[in-house]
Amino acid sequence: MTFPGRRAWLIAGALTGCLLSAIQILHDARIPVSFLPGVAARVNGREIDAASVDRTVAGLDARLRNAEPDARKRVVSRMIDEELLVQHALDSGAAETDPEVRAALARAAIARVNSEVSSQSVSDSEIGAFYQSHRSAYSSPAEFQVTPLYFESRAFPDLEEAERRADSARAGVRAGQTVESLQRAADVLPFGPPAQLATARTLANYFGPPVADELDRLQAGEATQPAAFGHGVLLLYLNRRVAGATPGLQSIHDLVQADALRGKQEAALADLLASLRKSARIDIAPDTHSGSRN
């Protein structure tokens, strides 16, 4: 190689070295970064909201808040660490494979919807409309005072004789016989039933839902259909019923307001899911487990 050629190579090598050194210096240098108002930090392009930092600092112990500059730095540093971990989890594919991460993301999405709705006030007209459409939910249930008439089978599990005695007692009810006279002809239950007013739900715990549910269709002085019960047959004589009542809106205003807000949150979540489903492509494989198998 001639002298001019070697000289050119030396100059090129020197320039390359200078360029690499300049790149390293610029990489290590801390160039001031401008932030928009309300941004506390930026991590790989993702911003940390200053308001979130303020809320976290405000929730700290009073002794830590008194040293707010240092406390704020610690909070920002912790939120940066959190953001780095979140980004790492997303980059590693945990959101697609880890059930706990997926569940946490779903809960966070629901919490975000609920928070957005909670920030909106529920108007008096919305509360009134919700109350009118859900009046039955706030009503107290009807209560019943009953006399059980139990007829034990003398040849259990054969209930034929017990059924005849129960049918005779029910015919006596229709004929106007007193419940006291019918009780004398009945057998004693193996447990003590409630003697005072009780809801159908309470009575169902004693006598079973089929018998208790029939009470709502009866008037005082009538009896239920005989039904198998224990080692015999049972019917309930309805002594008295007290209709349920619906409280006025003003007396339960806060309760209805909370329920109306929850209804708005559920509606907002349903709307979001409907929108997401509409814009998404969803393919569902055929159900190979259903149907008959030969």
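Values below: every heavy atom of this structure, side chains too, minus hydrogens, waters and symmetry copies. What you see is a predicted model; the values in this text were computed from it and never measured.
To the nearest 0.5 angstrom, H88 atom NE2 is 13.0 Å from N44 atom CG. In this structure, E96 CD and L105 CG are separated by 9.5 Å, a value rounded to the nearest 0.5 Å. Note that CD of Q177 and CD of Q183 are 12.5 Å apart. Values are rounded to the nearest 0.5 Å. The line from CG of L236 to OG1 of T147 is 9.0 Å long, rounded to the nearest 0.5 Å. In this structure, the separation between CZ on R262 and OG on S118 is 11.0 Å, given to the nearest 0.5 Å. Here the CD1 atom belonging to I80 is positioned 14.0 Å from the CZ atom belonging to R46, to the nearest 0.5 angstrom.
Residues K264 and V117 share a closest heavy-atom pair of CB-CG1, 3.7 Å. Nearest heavy atom pair, residue L189 against residue P193, reads CD1-CG, 4.1 Å. Across all non-hydrogen atoms, the minimal contact from A185 to F151 is O-CE2, 3.8 Å. Between F144 and A142, the shortest heavy-atom contact is CE1-O, 3.9 Å. Contact record, L238 with L215: CD2-O, 4.3 Å, taken as the closest heavy-atom pair. Residues V113 and Q265 share a closest heavy-atom pair of CG1-O, 4.3 Å.
Between T97 and R102, every side-chain heavy-atom pair lies at or beyond the 4.5 Å cut-off. Side-chain contact check for R201 versus P141: every heavy-atom pair is 4.5 Å or farther apart. Counting heavy atoms from C-beta outward, L269 and N114 have side chains that stay 4.5 Å or more apart. Looking at Q257 and D254, their side chains come closer than 4.5 Å, going by heavy atoms from C-beta outward. Considering only heavy atoms from C-beta on, D216 comes within 4.5 Å of R241 through its side chain. Residues D187 and R154 have side chains in contact (heavy-atom distance under 4.5 Å, counting atoms from C-beta outward). With a 4.5 Å cut-off on side-chain heavy atoms, R165 and V233 do not count as touching. Residues D124 and H253 are in side-chain contact: their nearest non-hydrogen atoms beyond the backbone lie under 4.5 Å apart.
The ring of Y138 has its center no closer than 6.0 angstrom to the ring center of H134.
Cluster membership check: V146 shares its hydrophobic cluster with V211, using side-chain heavy-atom separations under 4.5 Å among Ile, Leu, Val, Met, Phe, Trp and Tyr. In terms of hydrophobic clustering, with Ile, Leu, Val, Met, Phe, Trp and Tyr side chains grouped at heavy-atom distances under 4.5 Å, Y131 and L261 are assigned to a common cluster. Under the 4.5 Å side-chain heavy-atom criterion for grouping Ile, Leu, Val, Met, Phe, Trp and Tyr, V101 is not connected to V86 through any hydrophobic cluster. Residues V53 and V43 share a single hydrophobic cluster, defined by chaining ILVMFWY side chains whose heavy atoms lie under 4.5 Å apart. L90 is not connected to L85 by any chain of hydrophobic side-chain contacts under 4.5 Å among Ile, Leu, Val, Met, Phe, Trp and Tyr, and they are in different clusters.
In this structure, H231 and F156 have parallel ring planes: the angle between them is below the 30° cut-off, well short of the 60° mark.
A salt bridge links R164 to E160: one of the charged nitrogens lies within less than 4.0 Å of a carboxylate oxygen. Ion pair R170/D167 not flagged as a salt bridge, since none of the NZ, NE, NH1 or NH2 atoms sits closer than 4.0 Å to an Asp/Glu carboxylate oxygen. A salt bridge links R112 to E116: at least one charged side-chain nitrogen sits closer than 4.0 Å to a carboxylate oxygen.
When each of T202, L203, L197 is checked for a side-chain contact (heavy atoms from CB on, under 4.5 Å) with T199, only T202 meets the rule.
No more than 12 heavy-atom neighbours from other residues, nucleotides or ligands sit within 6.0 angstrom of CZ on R277. Within a 6.0 Å sphere centred on CD of E100, heavy atoms belonging to other residues, nucleotides or ligands number 12 at most.
Panel note: side chain S153, backbone A162; no donor-acceptor pair is recorded below 3.5 Å. Between the side chain of S121 and the backbone N or O of S123, no donor-acceptor pair lies under 3.5 Å. Between the side chain of S52 and the main chain of I48, no donor-acceptor pair closer than 3.5 Å is present. Remark: the backbone N or O of Q225 is paired with a side-chain donor or acceptor of E214 at under 3.5 angstrom.
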task = Carefully, step by step, assess V242 and R240 under the rule side-chain contact (heavy atoms from CB on, under 4.5 Å).
result = CA-CA 7 Å; V242 176; R240 182 164 67 106; 3.9 Å; yes
